[in-house]
Protein chains: 2
Amino acid sequence: MDDVESTADATLHASRALVAVIARSLASALEDVSLPQFRVLVLLSNNGPLRQGVVAEQLGVHASTFSRNAGRLVAGGWVRRLEDPDNGQAKRLELTDAGRALVDQVTEQRRAEIAAVVAAVPAAERPAVLAAFRAFAHAAGEPDPQDLQTLAM
Amino acid sequence: MDDVESTADATLHASRALVAVIARSLASALEDVSLPQFRVLVLLSNNGPLRQGVVAEQLGVHASTFSRNAGRLVAGGWVRRLEDPDNGQAKRLELTDAGRALVDQVTEQRRAEIAAVVAAVPAAERPAVLAAFRAFAHAAGEPDPQDLQTLAM
DNA sequence: TACAACTAATGTACCAGGGCAACTATGCTG
DNA sequence: CAGCATAGTTGCCCTGGTACATTAGTTGTA
């Protein structure tokens with residue numbers, strides 16, 4: 001087994017731990033909203049207020065579908081529908097405080113759990129881990145936002 | 001920023017790349033089956049044939065719910081329902097070749113994409129990356145199977 | 001101004017997933 | 001054998017996500 005393979009192996013193994021963290025952080029939010037709904041919140045969190053049509057297109061769903069989904073989010077108090085001052089026919093969606101808090105809570109939990117793992121790495125090895133993860137991230141390049149959005153990141 | 005924080009930061013960054021890979025590999029399977037359905041396939045792939053009731057319990061859904069879901073998987077040709085020779089009332093679920101192939105394809109794609117990233121890491125740094133991921137995985141401990149199952153790993 | 005284009009909402013319909021309750025068939029045990 | 005427990009199926013109902021077609025209101029333009 002060459003070093004590409006064994007490194008890929010170790011990466012896959014470590015990725016299981018990361019996935020578990022991500023799944024756990026997601027699970028807490030999914031008690032409040034569905035995954036498609038949470039994706040919307042993340043989208044708004046990353047981009048600020050957006051027109052409904054834009055969100056629908058980003059999510060790859062029909063505008064009518066999204067209109068209803070947005071309605072559910074509004075009803076749940078996670079987002080607000082605002083008139084677009086520049087365009088009377090358009091509506092802008094904006095996170096409410098609750099919506100923002102939900103997203104923040106997930107990312108916070110994610111951060112905290114990963115920090116806990118890192119803290120469990122012997123201090124002497126931490127710089128090496130830091131350098132290695134940076135090298136890996138660099139080699140991977142910027143992830144496709146569309147892919148990240150699938151799992152609401 | 002201490003080195004726990006900056007390392008956690010780098011880890012989060014690297015994890016985005018990993019999540020993108022996982023999302024992509026999952027996406028290809030989700031053209032054929034739904035996520036709840038794929039979870040079933042993974043469960044069977046990891047454990048071999050299982051009684052329906054056991055699967056339902058693992059997934060945390062009602063037996064009646066799962067009975068129908070299993071029916072859809074059978075109809076799709078992904079699993080087979082077998083009489084349990086030891087117990088006339090029980091049914092065992094077993095992956096068909098197609099079901100196994102679907103799961104294998106996802107894990108294969110995942111492996112291949114990660115290997116591609118690793119191959120893009122300069123050879124001189126690869127041993128450090130290997131060591132880092134091992135250290136991280138070790139620090140994280142064994143992930144909770146329940147968490148992994150959420151995202152079908 | 002009148003008409004076309006755009007944006008969202010709504011009526012209608014469908015499917016997947018989920019639960020509860022009732023039923024069937026089988027297994028176990030006194 | 002009678003009666004109870006176990007395993008799964010099915011009827012019924014609800015929610016969420018999805019699409020298509022249509023409608024209503026807004027904007028822009030010929």
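Convention: sequence-line order gives letters A, B, ...; per-chain numbering from 1. Worth saying up front: this structure is predicted, and the values here are computed from it rather than measured.
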Extract, from 5' to 3' on DNA chain C, the first and final nucleotides lying under 4.0 angstrom from some heavy atom of chain A.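 Terminal contacting nucleotides, 5' to 3': C:dC6 to C:dT12.
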Qualifying side-chain hydrogen bond (donor to acceptor under 3.5 Å, both in side chains) pairs with a residue from residues 41-53 of chain A, counting only residues at least two apart or across chains: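 Pairs touching residues 41-53 of chain A that pass the test: A:Q52-A:R81.
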Other than B:V118, what residues sit in its cluster of Ile, Leu, Val, Met, Phe, Trp and Tyr side chains whose heavy atoms are under 4.5 Å apart, directly or through others?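 A:V4, A:L12, A:L18, A:V21, A:I114, A:V117, A:V118, A:V121, A:V129, A:F133, A:F136, B:V4, B:L12, B:L18, B:V21, B:I114, B:V117, B:V121, B:V129, B:F133, B:F136, listed by chain and number.
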Can you give the first and last nucleotides of DNA chain D, 5' to 3', that have an atom under 4.0 Å from a heavy atom of chain B?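 The contacted stretch runs from D:dT6 to D:dC12.
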Residues that A:R126 engages under salt bridge (charged side-chain N to carboxylate O under 4.0 Å, His left out), provided they are two or more places apart: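 Checked A:R126 against salt bridge (charged side-chain N to carboxylate O under 4.0 Å, His left out); matches are B:D3.
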Check each residue of [range] for a non-hydrogen atom within less than 4.0 Å of any atom in DNA chain C, then write out the ones that pass by number, or none.
{"range": "residues 27-54 of chain B", "result": "B:S34, B:P36, B:Q37"}
{"range": "residues 76-84 of chain B", "result": "none"}
{"range": "residues 86-95 of chain B", "result": "B:N87, B:G88, B:Q89"}

Using side-chain contact (heavy atoms from CB on, under 4.5 Å) as the criterion, list what pairs up with B:R68, not counting sequence neighbours.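 Per chain and number, B:R68 pairs via side-chain contact (heavy atoms from CB on, under 4.5 Å) with B:R72.
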Please enumerate all residues that pass side-chain contact (heavy atoms from CB on, under 4.5 Å) together with A:P145, with sequence neighbours excluded.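 Here no residue qualifies.
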Please, which pairs that meet salt bridge (charged side-chain N to carboxylate O under 4.0 Å, His left out) have at least one residue in residues 144-153 of chain B, sequence neighbours excluded?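 Found A:R24-B:D147.
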Please list all pairs meeting ring pair (Phe, Tyr, Trp, His ring centres under 6.0 Å) that have one or both residues in residues 53-109 of chain B, counting only residues at least two apart or in different chains.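 Non-adjacent pairs meeting ring pair (Phe, Tyr, Trp, His ring centres under 6.0 Å): zero.
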